[in-house]
Protein chains: 4
Amino acid sequence: MALPRTGPVRSEPARVAILDATAALFAEVGYDHLTIEGIAARAGVGKQTIYRWWGSKGPLVAECLLEGRLLPGRLTLPDTGDVRADMAAWLTTVFRVMEAEQRLVLSLIAAAAEHPEVGAGLRDSLTGSASISGRLDAAIGTTANLQPGALTGELAEALIGAVVLRALSREPAGPVDAERLLDAVLGAPTG
Amino acid sequence: MALPRTGPVRSEPARVAILDATAALFAEVGYDHLTIEGIAARAGVGKQTIYRWWGSKGPLVAECLLEGRLLPGRLTLPDTGDVRADMAAWLTTVFRVMEAEQRLVLSLIAAAAEHPEVGAGLRDSLTGSASISGRLDAAIGTTANLQPGALTGELAEALIGAVVLRALSREPAGPVDAERLLDAVLGAPTG
Amino acid sequence: MALPRTGPVRSEPARVAILDATAALFAEVGYDHLTIEGIAARAGVGKQTIYRWWGSKGPLVAECLLEGRLLPGRLTLPDTGDVRADMAAWLTTVFRVMEAEQRLVLSLIAAAAEHPEVGAGLRDSLTGSASISGRLDAAIGTTANLQPGALTGELAEALIGAVVLRALSREPAGPVDAERLLDAVLGAPTG
Amino acid sequence: MALPRTGPVRSEPARVAILDATAALFAEVGYDHLTIEGIAARAGVGKQTIYRWWGSKGPLVAECLLEGRLLPGRLTLPDTGDVRADMAAWLTTVFRVMEAEQRLVLSLIAAAAEHPEVGAGLRDSLTGSASISGRLDAAIGTTANLQPGALTGELAEALIGAVVLRALSREPAGPVDAERLLDAVLGAPTG
DNA sequence: GCTTAAGCGAGACGGTACGTCTGGTCTTTGG
DNA sequence: CCAAAGACCAGACGTACCGTCTCGCTTAAGC
């Protein structure tokens, strides 16, 4: 038997204001200097309204991530038919973003390390928007290491992992590095 | 003209007590709940003694890392002559440690994301102790993707990156996953 | 022309439940830890229902007081014909109550200090139930300081004031103190 | 054996700033709207410095009271030789202060009701500065109710109690009321 | 061996942010 | 239109740490 729920429902304007404020402050100050008080003030909201629905900044950041408020949308994998070239272009873009928004990217990794929700959100965000392994499947046969039966899921993981590691080491990377990485992991183009 | 330095020199017992306390607390509560006050109390030391020599918890953790106080020493890459098998054994061990000490590993990643020193230390610790790319060089020709001219540095990066990503996603991994990852990145063993 | 009053009228069960809850919580936690939220929860009532009719906890407590829900009814001045003995008995009882329910009594004073309504209610409650000055009028001539023309209103005020001061100073008082107070203020019995 | 106390010592400027701020805010907003945060902000002090030494606003207000920062110094009982006239003048002054600073006086009563320290402080402050019972001792024989053996302590208590009650009831009082109260409690002047 | 200055433990200080609690208002659902 | 339920903005609570700053003590180097 259902309890008779009454009273006001969750305020959508408040929810949106909070997520907006979170994304803005995340970009400004990074994950570890993000404070609930700051978010509440920026959003024009009581702290309790945040604690009521999210409980801490981890899930809050995760929700921002999943709604695409943190990572710029330009990170989608292009599709020109030439998978190898698309991947190179995408990697180059990722490297550029990493350099331009180093703090944001590192903050995201820190957030992922501290909160499972953010980790999962980050993974969904990356693989969802870019769908790398799907594209690799379509490219089987075009490079030395992409033969029938290739474990494209693992290859995608290795590629993204290499990117994350690059971010952690703060070494700047450019188009040449993108090419080298693809050569190493996918092998040279065939034919 | 040099000023005449006088007075006592840095206290080694204090230094060691601080690093011990840091390592112990890091394992207990993780990176983000690590506090300078807690370390000072545990080490029986004044806070100023920590700030005098390290300045913040980042470099402190980095120094613990470089002295091998955080990661168990068992993470060295074995050397039986069969590089592929050695890698598989090492990866399996790494996966096991990641599962057993998830918080420690994730805290380390978080620390690396927040402090360059820790990132560098982590990188040195991993590649230094395991020296993966050197071993891959020695194994050229033994797997499909390890042909002469192979970019072993990038391959090592991809492998470790995949491991870090696995840690961030909290998905448990075992020996089978280790094999699949190696198959994907290094290719099947030849002959 | 009168507007036709329609819709439900004020709920008596709600009113009673609120006053009951207020009296109970007042006795349990005292005036300054009394909260509207706590009262509403205990009474099974919405907060708005309290704010609609009382506005704050001051008038609420005053109403409880005037309905006799706070002070035990035993504080009435006995009437044996011997005014001096009656007063002594009453004072002794008051002192005993003050000791047994110190928090309640002090909370009442605090409430009176913060809200005029409570102050007035307290005054009415004390002088109304005990009607001291009336009895003193009837006793004129029986003690040294109760001569014709005595200002019995002021004397009553002085007596009750002394009692309040005793409560504020937390000094325990007993029958002997009651006698001394009466001796001092009313003078020794004549004849 | 005394512990070897070392380290910095309590900061007197901070202590004074806190008491100043408390007294000022007490006069401005009254006891129940007094907040630790407000005091800390006004004093330019961290909240912890207040909690370290006082623990709550009760003892803080008590200390202000005992240092004479709350009640104006003009409440001292004059001494012209004519005790009856001195008392009347003093009472009139007290009534005037009560009217002019009603909130402060009532706040003080509320504070006394909530914190024993304040109650004790208030009592010391009143009897200390005015020393009523001592003066009454000296006036024995000059009024009808001040005969040898009079319980001057109780009489003083009754007088001050009447004053407190007047404050609680918010009834304005003037010189005439002062005279009537003295007539009632002390009796008419003899000879 | 006396002087001098730095290292050390301890911990108070001005602050920031925490997560909780309550105040008083507003909004929804139902009788 | 009233009542219950409870979300909302606001802001104080008392706690935990931050990084800085004395304290008084105990060392070493250098005269």
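Remember, it's a predicted structure, so these values are computed and weren't measured experimentally. All chains are named by letter (A, B, ...) in the order of the sequence lines, taking the proteins before the strands, and each is independently numbered beginning at 1.
- Residue C:R52 places at least one side-chain N or O under 4.0 Å from the OP1 or OP2 atom of F:dA3.
- Among the nucleotides F:dT15, F:dT20, E:dG14, the one closest to the side chain of D:K47 is F:dT15.
- Closest to the side chain of A:Y51, from the set E:dT20, F:dC18, F:dA7, is E:dT20.
- Across F:dC9, E:dG19, E:dG14, the shortest atom-to-atom separation from the side chain of A:A14 is found for F:dC9.
- The phosphate of E:dA6 has neither OP1 nor OP2 within less than 4.0 Å of any side-chain N or O from B:W53.
- At the phosphate of F:dA4, OP1 or OP2 sits under 4.0 Å from a side-chain N or O atom of C:T49.
- Both D:G44 and D:E37 sit near DNA chain E, but only D:G44 has its closest nucleotide nearer the 5' end.
- For D:I36, taking side-chain heavy atoms from C-beta onward, the closest of the listed nucleotides E:dG23, E:dC26, F:dC13 is F:dC13.
- The existence of a salt bridge linking D:E28 and D:R42 is confirmed by a sub-4.0 Å separation between a basic side-chain nitrogen and an acidic carboxylate oxygen.
- When the side-chain nitrogen and oxygen atoms of C:W54 are compared with OP1 and OP2 of E:dG24, none of them lie within a distance under 4.0 Å.
- Ranking E:dG24, E:dG7, F:dG19 by closeness to the B:S11 side chain, first place goes to E:dG7.
- In this structure, B:F26 and B:Y31 have tilted ring planes: the angle between them lies in the 30° to 60° band.
- Between C:S56 and D:Q48, the residue anchored nearer the 5' end of DNA chain E, judged by the nucleotide with its closest heavy atom, is D:Q48.
- For D:T35, whose side chain is taken as the heavy atoms from C-beta onward, the closest listed nucleotide among F:dC17, F:dC13, E:dA10 is F:dC13.
- Within the cation-pi definition used here (under 6.0 Å to the ring centroid, within 45° of the axis), D:R15 does not qualify as a partner of D:W53.
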